[in-house]
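The block underneath contains the structure these notes are about, expressed in structure tokens.
Every value quoted in this text rests on a predicted model; they were computed, and no experiment measured them.
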Amino acid sequence: MIREPDIVVVGAGAAGIGAARRLAGSGLSTLVLEALPRPGGRAWTRETSGMALDLGCGWLHSADRNPWTRIAEDAGVAIDRSPPAWGNQFRDLGFPASEREDAARALARWTERLATAPPASDRASDALEPDGPWTAYLQAVSGYLSGDELERVSARDYSAYDTASTECNWRLPAGYGALVAASLPPGAALRLATPVTAVTLDSQRGGHHVALRTADGTVHARAAILSVSTHVLAGDAIAWPAALDPWRDAATRLPLGANEKLFLAIDGDSPFAPESHILGDPRDPATGSYYIRPFGRPVIECFLGGAGARAVAAEGPGPAFARAIDQLAALFGPAVRGCLRPLLASDWAGAATIGGAYSHALPGQADARPALARPFDDRLFFAGEATHATDFSTAHGAYASGVRAAEEALAVLTPRAR
């Protein structure tokens, strides 16, 4: 392990990889430290039963301006540009077209109120229609998009993302996580399974260095880019200097939401059509959203947010799989129980080095994002999806934040190197 690089990047997720790619060719020696035994962070493709399944991010959101689209194209990685099946309900089962239209109008009205007449409280729930018939549906949508209930979501923060999004969503058949993990620049010095346990300001080296302690020894660097999650930054797994308390406070105001994925294998004949979608129960805020046979594969992806995802963390995947099968059996008939089998489940809440899905600002706390993104003392720079003003919660927002943090570091370090 390089003991005295110019700069250390903590975290080899989308943000850390974005930083490493920007630093490549700069002339600065760079070391990337990753706590997990794999790169990618919250981008993770698992090869299971001959299928590439994304346990983390799976869609190139805002794909027409997403830097990962260009990276995939440059690498010759196939991109599926067909429109997603979201918004459709296979054969209108349990959610007929008239109800879907009503629910969509309720969502559009609520989104418009957030943008044009936001509540003074900044609580997204305060823009709901009193006694609206689709409140549970909107709570389910909030769980998918923010990982939490509307009472804990900033209206201003939500609108910032919604306004910036292009609604262009593409996929990578080989896996989004696989693309991210393979995108470290050639020759990058990467140490996996090497968690940082302490960050200190190194006054013994001229007063402008940083020391990072690991189980394999301490690394001394002129600067560090910290791309850890807000859960890690706000927590105690890493010993932080007291000078970073304002950044840690900002992290507490940008908590990670709850989102998990379950994959069900389809065995034998079934009524499940390729590239179809169904919402389990639009009147249950904890309902699963089911993407059926993506790319024609014999699998159903169940996406859970908010209360549904927290139940997975509290009870484990077994009961969650049972609920998912119950919902599908209620829609497709009891015979489908015989062809559905639990295959794979995520556990982002239980991942100690991550601690959840993606960030959302609490009501009144949208300003925590620029506060978290500020450099400290020209030697600590902050990256990660939570630091992006509009593309938070995405791998492309994380990547852009890594590039931004690297450019901040280069602006400070390169003149000194010269």
Pair S359-E385, side-chain donor/acceptor within less than 3.5 Å
yes
Is it true that D80 and S82 share a donor-acceptor pair across their side chains at a distance under 3.5 Å?
yes
Do you see a donor-acceptor pair shorter than 3.5 Å between the side chains of H61 and N169?
yes
Going from CG on L33 to CD1 on I225, what distance comes out if it is rounded to the nearest 0.5 angstrom?
12.0 Å
Are F392 and Y161 close enough that their ring centres sit under 6.0 Å apart?
yes
Can you confirm if the NZ or CZ of R38 lies within 45° of the ring axis of W44 and under 6.0 Å from the centre of its six-membered ring?
yes
Given 3.5 Å as the limit, does a donor-acceptor pair link the side chain of Q89 with the main chain of L93, or not?
yes
R191 and V32: side chain to side chain contact (heavy atoms under 4.5 Å, CB included), yes or no, with the steps?
CA-CA 6 Å; R191 284 295 299 260; V32 182; over 6 Å; no
Is it the case that the side chains of H231 and S229 hold a donor-acceptor pair, with the cut-off being a distance below 3.5 Å and no angle test?
no
Under 3.5 Å: donor-acceptor pair, side chain of Y158, backbone of L114:
no
Under the criterion ring pair (Phe, Tyr, Trp, His ring centres under 6.0 Å), which of W247, F382, F381 is the partner of F376?
W247
Check ion pair R171-E275 (N to O, under 4.0 angstrom)
yes
Donor-acceptor pair, distance only, cut-off 3.5 Å: does the side chain of S165 make one with the backbone of E167?
yes
Aromatic ring proximity F303/W86, centre distance under 6.0 Å
no
Strictly by salt bridge (Lys or Arg N to Asp or Glu O under 4.0 Å), give each pair with a member in residues 129-141 just once, sequence neighbours left out.
R109-E129, R113-E129
Ion pair present between D6 and R222, side-chain N to carboxylate O less than 4.0 angstrom?
yes
Verdict with reasoning, E407 to R22, per salt bridge (Lys or Arg N to Asp or Glu O under 4.0 Å)
CA-CA 7 Å; E407 290 176 345; R22 180 62 185 88; 3.3 Å; yes
Judged by atom type as modelled, is there a donor-acceptor pair below 3.5 Å linking the side chain of W240 to the main-chain atoms of A198?
no
Side chain R293, main chain A273, donor-acceptor under 3.5 Å:
no
Is D284 paired with R323 through a side-chain N to carboxylate O contact shorter than 4.0 Å?
no
Is it true that T287 and Q327 share a donor-acceptor pair across their side chains at a distance under 3.5 Å?
yes
Determine whether the aromatic ring centres of W59 and Y176 lie less than 6.0 Å apart.
no
Would you tell me whether R3 and T218 have side-chain atoms, one donor and one acceptor, within less than 3.5 Å of each other?
no
Assess the pair W110 and Y137: is the distance between their ring centroids shorter than 6.0 Å?
no
